[in-house]
Novice: 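Pasting in a structure now, in structure tokens, and then I'll have a few things to ask.
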2 protein chains.
Amino acid sequence: MSNLDQVRVASRSTEVTRAALIKAATAVFAEYGYDGGSVRLITQKAMANQAAVNYHFGGKDGLYREVLLAATQAFEENAFLDAEELDALSPEGALRRYLHQFLLPLVKRDRVCRYLRIFAWESVKPSETFSAFIAQSPPRIFRLAERVVRRFLPQESSSETVTFAMLWLAQQPMFFVREAERLAKPPFSLKFDDDALERLVDTLAGLSLRGLAAF
Amino acid sequence: MSNLDQVRVASRSTEVTRAALIKAATAVFAEYGYDGGSVRLITQKAMANQAAVNYHFGGKDGLYREVLLAATQAFEENAFLDAEELDALSPEGALRRYLHQFLLPLVKRDRVCRYLRIFAWESVKPSETFSAFIAQSPPRIFRLAERVVRRFLPQESSSETVTFAMLWLAQQPMFFVREAERLAKPPFSLKFDDDALERLVDTLAGLSLRGLAAF
DNA sequence: TTGAAATTCAAACGGGCGTTTGAAGCGAAA
DNA sequence: TTTCGCTTCAAACGCCCGTTTGAATTTCAA
């Protein structure tokens with residue numbers, strides 16, 4: 001793995017182990033955060049040896065970096081939400097599309113939801129690994145949110161106002177995805193099926209568009 | 001401490017040690033969360049012996065419970081934000097007052113800010129101790145937020161709509177307080193002085209009241 | 001001043017953590 | 001079939017964790 005003049009392709013079993021470790025690590029880090037997620041639990045879930053993490057990724061940190069890479073790529077890929085797609089819609093349509101897309105993990109308990117949970121952990125106490133990752137460019141959710149709010153705000157808005165509004169919009173869907181488990185229990189008891197998701201998109205879009213005063 | 005027939009009042013030094021431990025624990029738990037905050041660091045900050053935590057509070061868990069008690073009491077006390085005070089204001093005034101009060105920790109780096117950070121940790125992965133604390137009643141920030149949004153929403157709104165709107169409002173100031181440190185750095189570089197706080201209140205109140213479309 | 005209770009203290013315990021180690025297993029090229 | 005490098009494996013290492021222990025010290029009523 002370390003020799004520059006290595007010719008042999010990685011064997012199948014290498015890729016299998018690596019993939020299993022990354023998948024297990026994604027689940028564990030999403031559940032317990034970086035500090036709280038242990039290598040022992042990850043390797044146990046991946047049915048791999050403890051030392052495999054150090055062998056394949058150089059350590060817990062390297063494995064986490066791999067998970068973050070997959071996470072950022074999942075958000076970067078155009079299939080998720082395209083910037084041009086937002087521009088083609090009406091401002092209202094772009095807003096609804098944005099909210100809908102970032103609320104999807106509520107009903108699709110998929111990979112993306114795990115990534116969002118990892119980001120939630122990082123929002124409380126960023127790890128150095130994570131900080132290095134987002135240092136290059138703001139997370140996609142912020143860039144897309146800025147694109148949406150700029151459709152509404154006048155050209156001459158101060159950059160501070162734009163930032164306030166962008167953050168205000170971006171955190172709205174993140175909150176519901178992050179807190180989904182808690183909101184499912186009393187005293188809130190919110191169950192998110194497809195219909196509830198649509199109603200949530202409606203409510204948030206209405207509030208974001210016209211505010212409380214519209215009611 | 002454990003005998004039922006104990007008559008003697010707690011000595012001064014007991015209260016001093018207890019208070020120092022609670023203060024140090026508040027800072028440490030706010031910084032690192034419950035799991036991440038170590039008894040060794042707490043006792044070191046409080047200039048107390050490691051065993052003091054177990055002697056005075058029965059263990060790390062008991063000390064944390066004491067911190068949470070102080071935190072919830074700080075939010076419950078009327079001086080912070082009174083429900084009747086909200087009702088006496090106009091809907092718009094109540095909204096502004098609510099936002100201002102819960103954004104205050106941005107400029108007053110005080111005890112309340114530490115409590116909010118502890119709640120932020122708990123929002124990602126609630127500890128059993130914390131869950132037991134809020135099981136009895138929803139946190140005050142939610143109850144007050146519901147009071148505010150009910151001023152705007154029509155009587156016949158579904159409880160789900162009220163809950164959506166309440167959560168939507170409640171999380172707005174929490175986000176900025178929780179992320180204050182991150183937002184102070186690039187790429188956001190938001191510095192929160194008294195003036196910036198007022199502008200943030202203005203922006204959020206405007207967005208919450210009339211939405212993006214008003215711009 | 002005395003003596004018992006309350007409090008502090010240094011040291012140790014058991015356990016989980018990430019990582020290292022060196023031998024064993026494995027597969028493909030020779 | 002032999003050989004050699006890649007991969008796996010069980011075991012151990014050193015570290016930090018929360019807690020326990022029992023003796024030393026302090027406190028304060030009698």
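For clarity, every value in this text was computed on a predicted model and none was experimentally measured.
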Novice: From CG of A:Asp61 over to C1' of C:dC17, roughly how many Å is that when rounded to an integer?
Specialist: 15 Å
Novice: If you draw a 6.0 Å radius around CZ in B:Phe188, do more than 12 non-hydrogen atoms from other residues or ligands fall strictly inside?
Specialist: yes
Novice: What's the OH-C1' distance between A:Tyr55 and C:dG22, to the nearest Å?
Specialist: 14 Å
Novice: Grab the CD-C1' distance between B:Gln50 and D:dT21 for me, whole Å please.
Specialist: 13 Å
Novice: Below 3.5 Å, can you tabulate the donor-acceptor pairs from side chains in residues 144-151 of chain A to any protein atom, sequence neighbours excluded?
Specialist:
| unit_1 | atom_1 | unit_2 | atom_2 | d |
| --- | --- | --- | --- | --- |
| A:Glu146 | OE2 | A:Arg150 | NE | 3.2 |
| A:Glu146 | OE2 | A:Arg150 | NH2 | 3.1 |
| A:Arg147 | NE | A:Asp87 | OD1 | 3.3 |
| A:Arg147 | NE | A:Asp87 | OD2 | 3.1 |
| A:Arg147 | NH2 | A:Asp87 | OD2 | 3.0 |
| A:Arg151 | NH1 | A:Leu86 | O | 3.0 |
| A:Arg151 | NH1 | A:Leu89 | O | 3.4 |
| A:Arg151 | NH2 | A:Leu89 | O | 2.7 |

Novice: Return no unless some side-chain N or O of B:His56 is found under 4.0 Å from OP1 or OP2 of C:dA6.
Specialist: no
Novice: Counting only non-hydrogen atoms, which of residues 34-43 of chain B are less than 4.0 Å from DNA chain D?
Specialist: B:Gly37, B:Ser38, B:Val39, B:Arg40
Novice: Could you state the atom-to-atom distance from NZ of A:Lys60 to P of C:dC17 in whole Å?
Specialist: 9 Å
Novice: Who are the side-chain hydrogen bond (donor to acceptor under 3.5 Å, both in side chains) partners of B:Ser189, not counting sequence neighbours?
Specialist: none
Novice: I need the CG-C1' distance between A:Leu21 and D:dC9, as an integer number of Å.
Specialist: 14 Å
Novice: Which salt bridge (Lys or Arg N to Asp or Glu O under 4.0 Å) pairs, counting each pair once, include a residue from residues 48-67 of chain A, with sequence neighbours left out?
Specialist: A:Arg18-A:Glu66, A:Asp61-A:Arg65
Novice: Rounded to whole Å, how long is the line connecting atom CG of B:Asn54 with atom P of D:dG22?
Specialist: 15 Å
Novice: May I have the distance from A:Tyr32 (atom OH) to C:dC17 (atom P), rounded to whole angstrom?
Specialist: 11 Å
Novice: Using side-chain hydrogen bond (donor to acceptor under 3.5 Å, both in side chains) as the criterion, list what pairs up with A:Ser38, not counting sequence neighbours.
Specialist: none
Novice: Of all heavy-atom pairs between A:Tyr64 and A:Ser127, which one has the smallest distance, and what is that distance?
Specialist: CE2-OG, 3.5 Å
Novice: Let me spell it out: for each of B:Asn49 and A:Met47, pick the nucleotide of DNA chain D with the closest heavy atom. Which residue's pick is nearer the 5' end?
Specialist: A:Met47
Novice: Taking OH from B:Tyr64 and P from D:dC17, how many angstroms apart are they, rounded to a whole number?
Specialist: 18 Å
Novice: Sequence neighbours excluded, which residues qualify as side-chain hydrogen bond (donor to acceptor under 3.5 Å, both in side chains) partners of B:Gln44?
Specialist: none
Novice: Want to settle it: does B:Ala52 or A:Val53 sit nearer the 5' end of DNA chain C, counting the closest nucleotide to each?
Specialist: B:Ala52
